[in-house]
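On a predicted model such as this, the values are computed, not experimentally measured, just so you know. The analysis underlying the following values was restricted to heavy atoms, covering all of them including side chains, and did not include hydrogens, waters or symmetry mates.
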Amino acid sequence: MGTLDQDGKILVGTSRKPECLSLAFGNRHGLITGATGTGKTVTLQVLAEGFSRAGVPVFAADIKGDLSGVAARGEAKPAFVERAKQMGLDYAPDQFPVVFWDLFGEQGHPIRATVHDLGPLLLARMLDLNEVQEGVVNIAFKVVDEADGTADGVARDLVDLANLRELLAYLGQNARDIGTRYGNVSASTIGAVQRQLLVIENQGGDKFFGLPELDLADFMAVDAQGRGRINILAADKLMQSPRLYATFLLWLIAELFERLPEVGDLDKPKLVFFFDEAHLLFNEAPKALLDRIEQVVRLIRSKGVGIYFVTQNPLDVPDTVLAQLGNRVQHALRAFTPRDQKAVRAAAETFRPNPQLDTAQAITELGKGEALVSFLEGNGTPSMVERTMIRPPSARVGPLTAPERQAALAASPLRGRYDRLEPHRPLTDLLAGSAAAGGDADAGSGRGGAGAPAEQPGLGTRILGGIGAFLSHPAVRQFGRSVAAVVARTATQEAMKRMGMSTSARRRSSRGDSGYGLLDTGAAAGPSERGLFGNPQRPGRR
């Protein structure tokens with residue numbers, strides 16, 4: 001009988017030959033697709049186990065909880081033993097080093113980031129803001145960066161959503177001064193952003209923001225036997241907040257991209273990501289965000305990171321990203337609707353053709369545990385697509401029980417490192433210092449009730465100021481001009497009547513006609529005619 005992985009390759013399954021993913025091309029990204037129940041999670045587990053055995057750390061989002069079983073020793077079930085035998089393998093139960101994570105801190109170690117680290121683009125994505133609202137968020141980040149005094153784009157004090165609320169309130173209270181520098185900041189826009197913050201808080205998103213932050217080195221670790229750590233994110237509850245889920249994953253990719261050094265092509269990746277329900281990353285994403293995703297996927301390869309998208313339909317992934325995914329595993333698709341048929345054709349066309357296989361037809365005929373497979377080989381070209389039987393995983397297929405998960409958390413090498421949230425630090429002093437440095441004597445502090453409020457003008461001054469602002473409004477000035485024109489026209493008509501002149505004679509005079517004092521026998525003036533003061537003269541209007 002043969003062995004599982006050898007010569008820098010991960011055995012994924014067998015067709016007419018062993019189908020292996022070369023570790024040297026593990027950072028060239030990949031795609032695992034197929035309808036529900038066709039075996040995508042098992043394929044993901046097979047790949048995660050293979051990378052871990054090779055000493056490559058793995059991160060995977062566990063949507064249904066099934067992937068957690070990789071932490072427990074597998075069972076020699078008859079079906080697994082028989083399938084391994086058909087492939088010429090000895091089935092050997094195994095288990096792998098696993099660390100559990102959870103944004104809500106319930107089923108794993110909490111993962112936290114600061115609001116400033118998330119950045120305005122991803123924050124706007126999470127809050128579902130429009131362009132105007134996103135502009136205000138950009139202004140807020142600029143203001144707090146200036147207040148920080150470093151002007152390096154790193155505001156250490158903008159940590160959680162409570163800080164962000166303080167910052168938005170500060171913008172509203174100092175809108176006039178801030179607006180002269182960066183553009184209009186309206187109260188209605190700030191209110192809209194505040195309401196979206198409330199939505200995220202109600203979904204539990206506030207637990208994602210805070211300190212201590214995630215140390216990426218804790219993701220990229222191996223155990224004492226040299227096996228890569230498998231980091232599993234409990235995402236069953238997180239999936240109820242799809243924007244939070246997608247934003248977190250995009251932030252994690254961006255953090256790796258920005259912090260890891262360039263290493264080029266290695267013998268094996270430094271880290272591999274599996275993103276389940278990948279369509280959530282791209283749904284309704286603005287073009288600016290899609291451009292950034294494409295850029296990160298294209299360039300993060302040189303940082304030694306491989307990204308594998310797991311989704312039902314290959315059409316869920318934009319073409320610009322799909323073109324970067326060299327390793328493909330396609331499970332069965334059902335062609336019941338026109339969109340399904342289009343997806344089957346699209347999936348078939350992405351593979352390197354095999355003269356002995358009708359790819360499109362095979363996609364609809366695959367059984368559970370079967371897949372069409374094409375991995376990069378040789379000098380980086382994709383292999384011809386083959387119908388492949390996926391090998392059985394070595395660890396448990398299925399979720400851990402609650403006591404087993406708790407035992408794994410208790411034995412975690414990261415126990416106690418992230419479990420305690422650092423106290424909230426208000427922005428009061430930082431923003432107060434910014435206002436004082438700006439010399440804005442007219443803006444009141446009013447920040448959280450801390451400090452003495454700025455001196456306010458008297459009641460009479462405020463009333464006169466309000467009247468002046470009202471009278472200076474463009475609409476009020478236009479109304480005043482219209483009233484004055486009507487009054488002037490009426491006074492002129494009355495004066496002409498006393499002089500024995502008709503208004504028609506006045507109109508003829510304005511057109512160069514003679515006949516002052518004669519009665520007007522013509523038609524009434526049309527809308528195009530204008531009076532003495534240039535205002536339109538319309539029938540029936542005085």
Side-chain angles (χ1 to χ4, degrees), residues 12-17 19 21 29-47 60-61 63-64 66-67 79 83 86 239 242 245-246 274-285 290 293-294 297 307-376 381-393 397:
V12 177
T14 59
S15 56
R16 296 174 301 172
K17 59 180 177 44
E19 296 295 335
L21 188 154
H29 314 317
L31 179 68
I32 304 172
T33 54
T36 300
T38 55
K40 295 191 302 295
T41 302
V42 172
T43 299
L44 190 160
Q45 182 171 336
V46 167
L47 288 171
I63 302 297
K64 298 175 293 185
D66 294 345
L67 195 58
R83 175 171 292 195
Q86 292 175 0
M239 282 298 296
Y245 171 76
F274 291 96
F275 289 159
D276 206 352
E277 300 294 338
H279 66 279
L280 295 175
L281 301 178
F282 310 106
N283 281 356
E284 300 178 0
L290 289 177
I293 296 173
E294 178 194 356
V297 171
I307 299 176
Y308 290 74
F309 296 99
V310 184
T311 188
Q312 293 188 20
N313 195 324
L315 296 179
D316 294 335
V317 181
D319 291 341
T320 54
V321 176
L322 200 62
Q324 311 296 324
L325 312 180
N327 300 303
R328 305 285 182 88
V329 178
Q330 175 68 61
H331 288 271
L333 289 174
R334 309 306 178 201
F336 297 128
T337 68
R339 186 176 188 275
D340 293 338
Q341 295 167 4
K342 181 180 178 181
V344 169
R345 291 194 299 270
E349 292 170 356
T350 60
F351 286 102
R352 179 182 171 186
N354 185 341
Q356 301 181 13
L357 181 68
D358 185 338
T359 306
Q361 182 177 349
I363 289 176
T364 62
E365 296 175 347
L366 292 170
K368 187 174 182 179
E370 284 187 300
L372 296 182
V373 170
S374 175
F375 296 131
L376 297 179
T381 59
S383 63
M384 286 193 300
V385 59
E386 294 284 357
R387 187 166 179 167
T388 303
M389 183 70 70
I390 304 298
R391 74 167 177 81
V397 177

*asked:* What verdict does the side-chain contact (heavy atoms from CB on, under 4.5 Å) test give for F274 and L67, after you've listed the backbone C-alpha separation in whole Å, the side-chain angles of each residue and the deciding distance to 0.1 Å?
replied: CA-CA 11 Å; F274 291 96; L67 195 58; over 6 Å; no
_Step-by-step side-chain contact (heavy atoms from CB on, under 4.5 Å) determination, K64 to D276_ = CA-CA 10 Å; K64 298 175 293 185; D276 206 352; 5.8 Å; no
*Minimum heavy-atom separation for D340 to F336, with atom names?*
OD2-N, 3.5 Å
_Spacing of CD1 belonging to I307 relative to CZ belonging to F275, to within rounding of 0.5 Å_ = 6.0 Å
*Approximate separation, where rounding is to 0.5 Å, of L325 CG and I32 CD1*: 11.0 Å
*Shortest non-hydrogen contact from S374 to V385?*
CB-CA, 4.4 Å
*Which residues satisfy the side-chain hydrogen bond (donor to acceptor under 3.5 Å, both in side chains) test with H331, sequence neighbours excluded?*
T43
*Option from Q312, Q330, R334 for which side-chain contact (heavy atoms from CB on, under 4.5 Å) with T38 holds*: R334
*Does the pair K17/E19 count as a salt bridge with the N-to-O cut at 4.0 Å?*
yes
*asked:* Please give me the minimum heavy-atom distance between L31 and L322, naming the atom from each residue.
replied: CD2-CD1, 3.5 Å
*Looking only at heavy atoms, which two atoms of S15 and T388 are closest? And how far apart?*
CB-OG1, 3.9 Å
_To the nearest 0.5 Å, what is the distance between CD on Q86 and OG1 on T14?_
8.5 Å
*Nearest non-hydrogen partners of K40 and T33, listed with the distance*: CD-C, 3.6 Å
_Y245 side, atom OH; L281 side, atom CG - distance, nearest 0.5 Å_ = 7.0 Å
_Residue pair T311 / F282, side-chain heavy-atom distance below 4.5 Å_ = no
*So how far is it from T359 OG1 to E386 CD, rounded to the nearest 0.5 Å?*
9.5 Å
_Residue pairs passing the salt bridge (charged side-chain N to carboxylate O under 4.0 Å, His left out) test where at least one lies in residues 309-320, sequence neighbours excluded_ = D316-R339
*Go through the steps to decide whether L357 and L372 satisfy the test side-chain contact (heavy atoms from CB on, under 4.5 Å), and finish with yes or no.*
CA-CA 10 Å; L357 181 68; L372 296 182; 3.9 Å; yes
*If you round to the nearest 0.5 Å, how far is CE of M384 from CZ of R16?*
6.0 Å
_To check you understand the geometry: which heavy-atom pair defines the closest contact between L376 and P382, and what is its length?_
CD2-N, 3.8 Å
*Determine whether more than 12 heavy atoms belonging to other residues, nucleotides or ligands lie under 6.0 Å from atom CD of E365.*
yes
